Visitor: 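Got a structure for you, questions after.
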Amino acid sequence: MDLTALDHRSREILRFTVHLFITTGEPIGSRTLSRVTTQGLSPATIRNIMADLEEMGYLFQPHTSAGRVPTDKGYRFYVGTIMDVDGDGLGATERKLIYEQMRPAEGGVSELVQRTSRLLSMMTGMVGFVIGPDFRLSVLRHVDFIRLGPARLLVVLVSAAGQVSNRVVEIPEELSGEDLEQCARYLEDQFRGYTLVEAHELLVLRMQEIAAVVNDLVRNALAIAEAAFAEQRTSEVHVEGTGRILAEPEFIRNIERAQQLFDTLEQRQRLANILNACLEGNGLQIVIGSEARVPDLEGLSLIGTRYTDGNQELGSIGIMGPTRMAYARHISVVDYVACSLSQAITQVGERELNH
């Protein structure tokens, strides 16, 4: 964005307009701004500046004689060049709350992820979301089998971070309990330390290599692994706070839009695809309204970032809400919670490895 597009007076008027609109939700007029700006400008001068800002696409007037409200372009300029994030950081009480909520849990990564979405929603009043780790990209630590019937087997895969994936596969009826135990140990020895994607690629090579080798144990083990490792899992999306966002004035006044948003939030896999596309890139991402280029997110902003297990990215967390949101504070919340979640998952992984 061209940082020289606005002079000092215009930047201040835009900053106060966005700030006041975020605070009140009401269109901002020139008389209101004349009482809060530091330059002592008259309402008439401010009206001229606001008209210029409207012509440049930073503000718009909902109807004649009303004040102005920010456009997506206005919010972007505010977020990118005006807002002082460091000036609105988290207090000691909020940091303590996050620390307590992000302690490693007995339920492992799944419980942490669910707890995180609730925490984000509670602290921001927006929809909090967490895209859970894709198990295919998690490092395999343990393999176990549970017989469900003569020819059915539950394959239990445990990642280094404590995630658990279960898959039912068909097996030859003649396999004994001892055979299955040996198969499980073989798979764990061969594929521990690989992601599921890597393990499946290695598995294909192994099956080709042993085509001429008579080894029933290896054949059976790899056949079971082929069924379990090839599973095309999708990341789960945990969403909290739908009721909060639908209670915002923007949606109370537009029932049709509220219903469309509710439907989008309920279609979790589609939502995961949308969020992943919007949050591509390194570091914290802020997507404002039309920037997402997705009709489902019209009138919404996203603040999100990735979380890790200390070595690799696992998924995304963040919030979504009306474009009229407290960007400075919400950015601080999302960033701090993401760091805390990454630390907690890393601790869970270290604890699992030591068991």
Side-chain angles (χ1 to χ4, degrees), residues 1-28 33 36-37 46 49-62 66-89 120 124-129 245 248-251 254 257 261 264 274-306 316-335 338:
M1 181 177 293
D2 183 5
L3 301 183
T4 65
L6 302 178
D7 60 25
H8 180 71
R9 293 195 310 176
S10 298
R11 290 162 68 93
E12 181 167 308
I13 294 300
L14 179 55
R15 178 169 66 88
F16 276 110
T17 301
V18 176
H19 177 74
L20 289 172
F21 183 70
I22 288 173
T23 303
T24 67
E26 298 294 333
I28 307 302
L33 287 171
V36 297
T37 59
I46 292 175
I49 294 173
M50 295 181 82
D52 291 340
L53 289 170
E54 183 176 4
E55 185 175 346
M56 288 186 284
Y58 292 104
L59 300 176
F60 77 94
Q61 194 171 27
R68 266 87 169 181
V69 301
T71 63
D72 291 347
K73 182 179 178 180
Y75 281 122
R76 172 51 64 189
F77 196 90
Y78 173 77
V79 169
T81 67
I82 299 175
M83 184 186 65
D84 180 10
V85 177
D86 293 332
D88 196 13
L120 286 169
T124 64
M126 303 288 108
V127 169
F129 65 84
I245 192 174
E248 291 291 328
E250 289 85 346
F251 298 102
N254 190 337
R257 179 71 187 95
L261 174 61
T264 300
I274 292 173
L275 295 176
N276 279 325
C278 289
L279 299 178
E280 286 183 350
N282 297 323
L284 188 137
Q285 303 291 314
I286 304 169
V287 182
I288 300 174
S290 58
E291 293 175 352
R293 298 182 180 180
V294 178
D296 304 67
L297 301 184
E298 180 184 349
L300 297 177
S301 286
L302 301 178
I303 301 174
T305 189
R306 306 287 184 179
S316 300
I317 79 166
I319 62 167
M320 69 173 69
T323 50
R324 184 183 64 84
M325 66 164 63
Y327 288 95
R329 182 178 182 280
H330 294 351
I331 286 170
S332 297
V333 170
V334 170
D335 188 52

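Worth saying up front: this structure is predicted, and the values here are computed from it rather than measured. Along the sequence shown, residues carry numbers from 1.
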Visitor: Find the distance between CD1 (I303) and CG (D335) and round it off to the nearest 0.5 Å.
Guide: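 So the CD1 of I303 and the CG of D335 are separated by 10.5 Å.
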Visitor: Under the ring pair (Phe, Tyr, Trp, His ring centres under 6.0 Å) rule, collect the residues that match up with Y75, sequence neighbours excluded.
Guide: Y327
Visitor: Report the residues that fulfil side chain to side chain contact (heavy atoms under 4.5 Å, CB included) with P322, sequence neighbours left out, ordered by chain and then residue number.
Guide: M126, I245, E248, E250, F251
Visitor: State the CD1-CZ distance between I22 and R329, to the nearest 0.5 angstrom.
Guide: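 Answer for the CD1-CZ pair, I22 versus R329, is 13.5 Å.
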Visitor: To the nearest 0.5 Å, what is the distance between CG (L302) and CE (M325)?
Guide: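 It is 7.5 Å, given to the nearest 0.5 Å.
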Visitor: Holding to side-chain hydrogen bond (donor to acceptor under 3.5 Å, both in side chains), I want the full list of residues that pass it with S316, two or more places apart in sequence or in another chain.
Guide: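 Partners of S316 under the side-chain hydrogen bond (donor to acceptor under 3.5 Å, both in side chains) test: R306.
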Visitor: Is it the case that more than 12 heavy atoms not belonging to H19 sit under 6.0 Å from its NE2 atom?
Guide: no
Visitor: Which distance, rounded to the nearest 0.5 Å, do you find between the CD1 of I46 and the CZ of R9?
Guide: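 One finds 9.5 Å between CD1 of I46 and CZ of R9.
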Visitor: To the nearest 0.5 Å, how far apart are CD1 in I13 and CG in D7?
Guide: 10.0 Å
Visitor: Mind checking side chain to side chain contact (heavy atoms under 4.5 Å, CB included) for T24 and listing every partner two or more places apart, or none if nothing turns up?
Guide: E26, I28
Visitor: Checking E54 now: which residues fulfil side-chain hydrogen bond (donor to acceptor under 3.5 Å, both in side chains) with it, not counting sequence neighbours?
Guide: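 Residues passing side-chain hydrogen bond (donor to acceptor under 3.5 Å, both in side chains) with E54: R68.
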Visitor: Rounded at 0.5 Å granularity, tell me how far CD1 in I331 sits from OG1 in T305.
Guide: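 The CD1 atom of I331 sits 11.0 Å away from the OG1 atom of T305.
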Visitor: Tell me the closest heavy-atom pair linking L120 and F129, and the distance in Å.
Guide: CD1-O, 3.9 Å
Visitor: Name all residues meeting the salt bridge (charged side-chain N to carboxylate O under 4.0 Å, His left out) criterion together with E298; count only those two or more places apart in sequence or in a different chain, and write none if there are none.
Guide: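 If we apply the salt bridge (charged side-chain N to carboxylate O under 4.0 Å, His left out) test to E298, skipping adjacent residues, there are no hits.
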Visitor: What heavy-atom pair brings L33 and M50 nearest, and what distance separates the two atoms?
Guide: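 Result for this residue pair: CD1-SD, 3.5 Å.
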Visitor: For a quick test of reading the model, state the closest non-hydrogen atom pair linking P27 to P62 and the distance between them.
Guide: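 Reported closest heavy-atom pair: CG-CG, 4.1 Å.
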Visitor: Applying side-chain contact (heavy atoms from CB on, under 4.5 Å) to R324 and V69, what does each step give before you reach the verdict?
Guide: CA-CA 10 Å; R324 184 183 64 84; V69 301; over 6 Å; no
Visitor: What residues, two or more places apart in sequence or in another chain, satisfy side chain to side chain contact (heavy atoms under 4.5 Å, CB included) together with P295?
Guide: none
Visitor: If you compare all heavy atoms of R76 against all heavy atoms of I286, which two are closest, and at what distance to 0.1 Å?
Guide: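 Where R76 meets I286 most closely, the heavy atoms are NH2-O, 2.5 Å.
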Visitor: Return the set of residues passing side-chain hydrogen bond (donor to acceptor under 3.5 Å, both in side chains) with S290 (not counting sequence neighbours), or none when no residue passes.
Guide: D72
Visitor: Can you name the nearest heavy-atom pair linking L297 to C278, along with the distance?
Guide: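 Shortest heavy-atom separation between L297 and C278 comes out as CD1-SG, 3.8 Å.
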Visitor: Taking the side chain as every heavy atom from C-beta outward, state whether T17 and Y58 have any atom pair closer than 4.5 Å.
Guide: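 Side chain of T17 against side chain of Y58, heavy atoms only: no contact under 4.5 Å found.
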Visitor: Mind checking side-chain hydrogen bond (donor to acceptor under 3.5 Å, both in side chains) for T124 and listing every partner two or more places apart, or none if nothing turns up?
Guide: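 Result, side-chain hydrogen bond (donor to acceptor under 3.5 Å, both in side chains) vs T124: none returned.
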Visitor: If you compare all heavy atoms of T71 against all heavy atoms of G57, which two are closest, and at what distance to 0.1 Å?
Guide: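 For T71 versus G57, the nearest heavy atoms are OG1-O, 2.5 Å.
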